[in-house]
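Worksheet: the structure to be examined is printed underneath.
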Protein chains: 2
Amino acid sequence: MEELVNEGFPEAIDAETRVQGSGDHRAELRLWLRMLTCTNLIENEIRSLLRTRFDVTLPRFDLMAQLEKAPDGLTLGDLSRRMMVSAGNVTGLVERLVQDGIVERRPAPGDRRSSLVSLTARGRASFETMAAAHADWVADLFGGLDAGDIDTLMALLAKAKSSAREVADGPPQLSQNATLPKKDTADG
Amino acid sequence: MEELVNEGFPEAIDAETRVQGSGDHRAELRLWLRMLTCTNLIENEIRSLLRTRFDVTLPRFDLMAQLEKAPDGLTLGDLSRRMMVSAGNVTGLVERLVQDGIVERRPAPGDRRSSLVSLTARGRASFETMAAAHADWVADLFGGLDAGDIDTLMALLAKAKSSAREVADGPPQLSQNATLPKKDTADG
DNA sequence: CCGAATTATTTTAAGTTTAAAATATCTCCA
DNA sequence: TGGAGATATTTTAAACTTAAAATAATTCGG
């Protein structure tokens, strides 16, 4: 599986190709930059639409979206994990949404450290409206892709996701191949 | 091209399928969520590595990366557009990087409103080191994809990007199909 | 049952980010 | 050439975000 490095590139391949820090990582880097551009483009457009149409911020909408999928409520920790943001971030977000009457907190049964957050009736109604528009916007933004494109993208992003998850969840401390115990890398 | 809506779904298709606001946008929505998850996962990992290995924040690294590609310097506006963040954001970021001796500002020749920002020698050296490690990390994170996967992803993301760009750059004011002048949408 | 380790959340400080208003300069055409 | 409109940047206020330390509560092995 690791024999076909550099496939498609005419440059000479030395024995050191597999040594971390000197490989050719151009393709992956370009992929990452394109992914970022694509995501930022869409995210900025959605942020702008949410603000101008509904006067709501993107993080608030995201939090509401998580709660809408969990009728029984979520703890702050659940929200932090699902939104992939820090715990402290969620604390402040929930605080402000409670003030605005969008969400409510109640003690979590069986664990006095936690509380459960859920949408208020008003929050749910508000989200319902926004979610419908949001779905339209997203469909518009991806309007140039056909069903096959979407399927392929879904599959490849799933693959990228598990690849990244493996590395990220793996042992810290290695910019290495992560399977080799050696660590004679160029560090700079 | 628009005949095969709802393909693969057993639900009844009425005449109103093409009316904005009632279409089936599940696939696009799922794609968007997966894209976000994937990006956030990788971005968070890179953020964490940049901090622990080099004690630098992601936005600073991003700004330095833009400058490294432009030896002659960039205006704040250039940086704002390329990084896809607000102008005010760049002002503060540059301010702090100047303080740290990473970048420098000089008046832009021929336009007294602008200034050119570029990396200092120290900033360039610092970036060089970080960029090499960064490239390794990205390659690791995408390690589960083969060359074909990457090519396909690149192509489909390019397609998504221009699709989104068309909508985002298009006329504001329409959550509509953007080609129809009518606007009798469900607004909530 | 006790205390060490873990987990859930909050707090703090600093940095990032946005939108909108304010400045300053430039362009261009009538 | 005068000024209206466009462009570049800064400022402001508020929100968002993170990392790290601090609290509080739970779990669990001995």
Side-chain angles (χ1 to χ4, degrees), chain A residues 36 39-40 43-64 73-100 102-103 105-117 172, chain B residues 36 39-41 43-64 66 73-100 102-103 105-117 172:
Chain A
L36 259 186
T39 304
N40 286 337
E43 192 169 81
N44 284 340
E45 179 67 9
I46 291 175
R47 184 200 317 284
S48 162
L49 286 165
L50 280 174
R51 174 171 295 273
T52 59
R53 307 293 170 103
F54 299 113
D55 192 36
V56 81
T57 65
L58 183 52
R60 285 174 194 219
F61 177 82
D62 285 344
L63 195 150
M64 292 170 80
L74 294 173
T75 66
L76 298 185
D78 290 335
L79 283 168
S80 167
R81 274 183 294 277
R82 296 185 193 205
M83 297 174 71
M84 296 195 282
V85 300
S86 69
N89 187 0
V90 173
T91 296
L93 228 25
V94 166
E95 209 166 64
R96 290 185 289 270
L97 285 170
V98 166
Q99 289 241 324
D100 292 352
I102 304 296
V103 309
R105 293 180 69 150
R106 66 198 142 91
D111 191 337
R112 276 176 301 177
R113 294 170 303 178
S114 304
S115 46
L116 285 175
V117 185
Chain B
L36 260 186
T39 304
N40 286 337
L41 182 58
E43 193 168 79
N44 284 341
E45 179 67 8
I46 291 175
R47 185 200 316 284
S48 163
L49 286 165
L50 281 173
R51 175 171 294 272
T52 59
R53 308 290 170 103
F54 299 114
D55 194 36
V56 79
T57 65
L58 183 53
R60 285 173 195 219
F61 177 83
D62 286 344
L63 194 149
M64 292 170 80
Q66 293 300 332
L74 294 174
T75 65
L76 297 185
D78 289 336
L79 283 168
S80 168
R81 273 182 295 277
R82 296 184 194 206
M83 299 175 69
M84 296 195 280
V85 299
S86 69
N89 187 0
V90 174
T91 296
L93 228 26
V94 166
E95 210 166 63
R96 289 183 291 269
L97 285 170
V98 167
Q99 289 240 325
D100 292 351
I102 303 297
V103 310
R105 294 181 67 150
R106 67 199 140 90
D111 190 338
R112 277 175 302 175
R113 294 169 303 178
S114 303
S115 47
L116 285 175
V117 185

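To find a chain, count down the sequence lines: A is the first, B the second, and so on, and within it residues start at 1.
- The CG atom of B/Leu50 lies 10.0 Å from the CD atom of B/Glu45; values are rounded to the nearest 0.5 Å.
- Computed from coordinates, the A/Arg51 CZ to D/dA14 P distance equals 13 Å when rounded to whole Å.
- Taking atom CG of A/Leu79 as the reference point, atom C1' of D/dT17 lies 16 Å away to the nearest angstrom.
- Atom-to-atom, CG of B/Asn40 to C1' of D/dT18 comes out at 14 Å; the value is rounded to the nearest Å.
- Comparing C/dT16, C/dT18, D/dT9 against the side chain of B/Ala87 picks out D/dT9 as the nearest.
- If you check C/dT9, C/dC26, D/dA15 against the side chain of A/Arg96, the one that comes closest is D/dA15.
- For A/Val90 and A/Arg47, each mapped to the nucleotide of DNA chain C holding its nearest heavy atom, the one lying further toward the 5' end belongs to A/Val90.
- Put simply, CG on A/Asp62 and CD on A/Glu43 are 7.5 Å apart, with the number rounded to the nearest 0.5 Å.
- Side-chain contact check for A/Glu95 versus A/Val98: every heavy-atom pair is 4.5 Å or farther apart.
- Contact detail for B/Val103 and B/Val94: the closest heavy-atom pair is CG2-O, 4.1 Å.
- Checking C/dT17, D/dA8, D/dT26 against every side-chain atom of B/Pro59, the shortest atom distance belongs to C/dT17.
- Distance from the side chain of B/Arg105 is smallest for D/dT9 among the nucleotides C/dT17, D/dT9, C/dT9.
- Between the CD atom of A/Glu95 and the P atom of D/dC16 there is a distance of 11 Å, rounded to whole Å.
- One can place CG of A/Leu58 at 13 Å from C1' of D/dT17, the figure rounded to the nearest angstrom.
- Of the residues near DNA chain D, A/Gly110 and A/Gly92, the one whose nearest nucleotide (by heavy atom distance) lies more toward the 5' end is A/Gly92.
- Side-chain atoms of A/Arg113 lie closest to C/dA8 of the nucleotides C/dA8, C/dT16, C/dT11.
- Rounded to a whole Å, the CG atom of A/Asp78 is 9 Å from the P atom of C/dA8.
- Comparing atom distances between the A/Arg60 side chain and each of C/dT25, D/dA15, D/dT18 picks out D/dA15 as nearest.
- With rounding to whole Å, A/Glu43 atom CD is found 13 Å from C/dT18 atom C1'.
- Taking every side-chain heavy atom of A/Leu76 into account, C/dT10 is the closest of D/dA25, D/dA8, C/dT10.
- For A/Met83 and D/dT17, the CE to P distance is 7 Å, given to the nearest whole Å.
- Within 4.0 Å (heavy atoms only), B/Ser80 reaches no atom of the nucleic acid at all.
- In this structure, A/Ser114 reaches the sugar-phosphate backbone alone: every heavy-atom distance under 4.0 Å involves primed, P, OP1 or OP2 atoms, never a base.
- Close to D/dC16, at under 4.0 Å from its OP1 or OP2, lies no side-chain N or O of A/Asn89.
- Comparing atom distances between the B/Thr91 side chain and each of D/dT10, D/dC16, C/dT18 picks out D/dT10 as nearest.
- Side-chain contact between B/Ser80 and B/Thr91 is absent, with no heavy atoms from C-beta onward closer than 4.5 Å.
- Counting non-hydrogen atoms under 4.0 angstrom, A/Gly88 reaches a base of the nucleic acid.
- The side chain to side chain contact (heavy atoms under 4.5 Å, CB included) test with A/Val90 singles out one residue from A/Leu79, A/Thr75, A/Asp78, and that residue is A/Leu79.
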